[in-house]
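All residue numbers refer to positions in the sequence shown, counting from 1. Quantities reported herein were computed from a predicted structural model and do not represent experimental measurements.
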Amino acid sequence: MPDNAVWKAVKPYVNGGASGMMATCIIQPIDMVKVRLQLGATGSPITVAKDIIAKDGFGSLYKGLSAGLLRQATYTTARLGIFQEITAYAKKANNGQNLPLWQKAACGLTAGGLGALVGTPADLTLIRMQADSTLPMEQRRNYKGVGDAMLRIVREDGIAGLFRGGGPTVVRAMALNMGMLASNDQAKEMIEDLGFEKGSSVPVIGGSFIAGILCFLPIFITAQIYMCAIAASCTAASRVLGIAVPLVELRCWIEQCWISARCAVDESLLIPW
């Protein structure tokens with residue numbers, strides 16, 4: 001298998017997609033709580049989780065899982081595979097030496113943007129399904145699954161409806177991956193330089209947590225702008241410029257959401273690597 005040319009070509013994509021789907025199965029309840037907090041729910045993450053279970057049952061924490069898995073099968077497969085391919089090419093051009101941080105950032109930015117183009121429909125569907133329970137009963141769409149959600153979006157808004165919020169999605173993914181992937185690689189290399197074996201658990205886990213800490217705040221801010229665009233709760237100007245988030249509201253968001261957001265960031269960094 002290691003000498004198979006086809007497997008060698010698809011391995012970065014298969015590993016990226018499979019690990020991303022595994023991560024989604026683990027963090028889906030955390031992500032659901034995070035989305036509810038971002039949409040205006042009050043209280044701690046534990047309180048919000050209890051409210052969700054009390055009203056809709058434990059299974060509601062996994063609402064949108066099918067869309068989340070589709071998102072990982074498209075977006076994560078593309079971004080991690082493309083990042084590995086671009087990084088390998090850049091290292092080859094650099095005579096096999098480790099890349100400087102700015103080149104890692106450029107690779108991450110490119111991979112994130114291209115991956116987001118592929119994953120936008122699934123991402124939109126995931127947000128719609130997770131947010132549906134927050135609507136008044138008469139306004140709920142009660143999606144049966146990811147396929148039903150996508151078909152109804154197309155019927156109601158056309159094919160272009162699947163790419164609603166595509167601009168913020170791409171910008172969010174570029175910022176997220178420029179920080180996450182570059183800092184993760186850089187942190188792993190720094191830990192390996194301390195004497196730990198390359199590819200062992202210490203550099204992998206350590207690099208993931210360091211990247212999660214460094215990237216949390218910028219990821220959080222771009223996520224707020226993205227959620228605002230998807231929910232169509234801001235004007236066109238604010239969606240593009242991101243100026244609709246007052247400092248007071250941002251402070252409250254950070255206080256309410258930081259635990260669930262940090263858990264999601266660290267978990268999604270750790271498992272794919």
So, the side chain of Asn177 versus the backbone of Ala173: is there a donor-acceptor pair under 3.5 Å, distance only?
yes

Can you list everything that forms a side-chain contact (heavy atoms from CB on, under 4.5 Å) with Glu156? Sequence neighbours excluded, please.
Arg141, Arg152

Roughly how far apart are Ile53 CD1 and Leu61 CG, rounded to 0.5 Å?
4.5 Å

Decide whether Met21 and Val118 are clustered together by the hydrophobic rule: side chain heavy atoms of Ile, Leu, Val, Met, Phe, Trp, Tyr closer than 4.5 Å, transitively.
no

Which residue pairs pass the salt bridge (Lys or Arg N to Asp or Glu O under 4.0 Å) test when at least one of the two sits in residues 100-119, sequence neighbours left out?
Lys104-Glu189

Once rounded to the nearest 0.5 Å, what's the spacing between atom OG1 of Thr110 and atom CZ of Phe83?
10.0 Å

dist Met22:CE -> Thr24:OG1 (nearest 0.5 Å) comes out at 11.0 Å

Under a 4.5 Å side-chain heavy-atom rule over Ile, Leu, Val, Met, Phe, Trp and Tyr, are Met150 and Ile159 clustered together?
yes

Show me the pairs that pass side-chain hydrogen bond (donor to acceptor under 3.5 Å, both in side chains) and involve residues 53-67, at least two apart or across chains.
Lys63-Ser133

Kindly compute the distance separating CG (Asp123) from CG (Leu70), expressed to the nearest 0.5 Å.
10.0 Å

Rounded to the nearest 0.5 Å, what's the gap from CG on Asn98 to CE on Met190? Could you check?
12.0 Å

Run the numbers on Lys188 and Asn184 for side-chain contact (heavy atoms from CB on, under 4.5 Å), then give the verdict.
CA-CA 6 Å; Lys188 285 196 298 184; Asn184 184 56; 3.9 Å; yes

State, to 0.1 Å, how close Leu124 and Gly161 come at their nearest heavy-atom pair, and which atoms those are.
CD2-O, 2.9 Å

Please find the pair of heavy atoms, one from Leu181 and one from Leu80, that lie closest to each other, and give the distance.
CD2-CD2, 3.9 Å

Can you see which heavy atom on Phe163 is nearest to which on Leu117, and at what distance?
CE2-O, 3.9 Å

The test is salt bridge (Lys or Arg N to Asp or Glu O under 4.0 Å); show your working for Asp132 and Arg140 and say whether it passes.
CA-CA 6 Å; Asp132 193 51; Arg140 293 184 186 181; 5.8 Å; no

Between CG on residue Leu65 and CD on residue Gln72, distance to nearest 0.5 Å:
10.5 Å

If two hydrophobic side chains count as joined below 4.5 Å and joins carry through other members, does Phe58 share a cluster with Met32?
yes

Is there a continuous path of hydrophobic side-chain contacts, each under 4.5 Å between heavy atoms, that joins Val14 to Ile82?
no

Correct closest heavy-atom pair for Thr76 and Gly20 would be CG2-CA, 4.0 Å

Going only through I, L, V, M, F, W and Y residues with side-chain contacts under 4.5 Å, is there a path from Leu151 to Val146?
no

Can you see which heavy atom on Gly207 is nearest to which on Ile191, and at what distance?
N-CD1, 3.7 Å

Heavy-atom closest pair (Gly115 atom, Ala78 atom, distance to 0.1 Å) is CA-CB, 3.8 Å

Using the rule side-chain contact (heavy atoms from CB on, under 4.5 Å), only one of Leu126, Leu69, Val33 pairs with Gln28; which is it?
Leu126

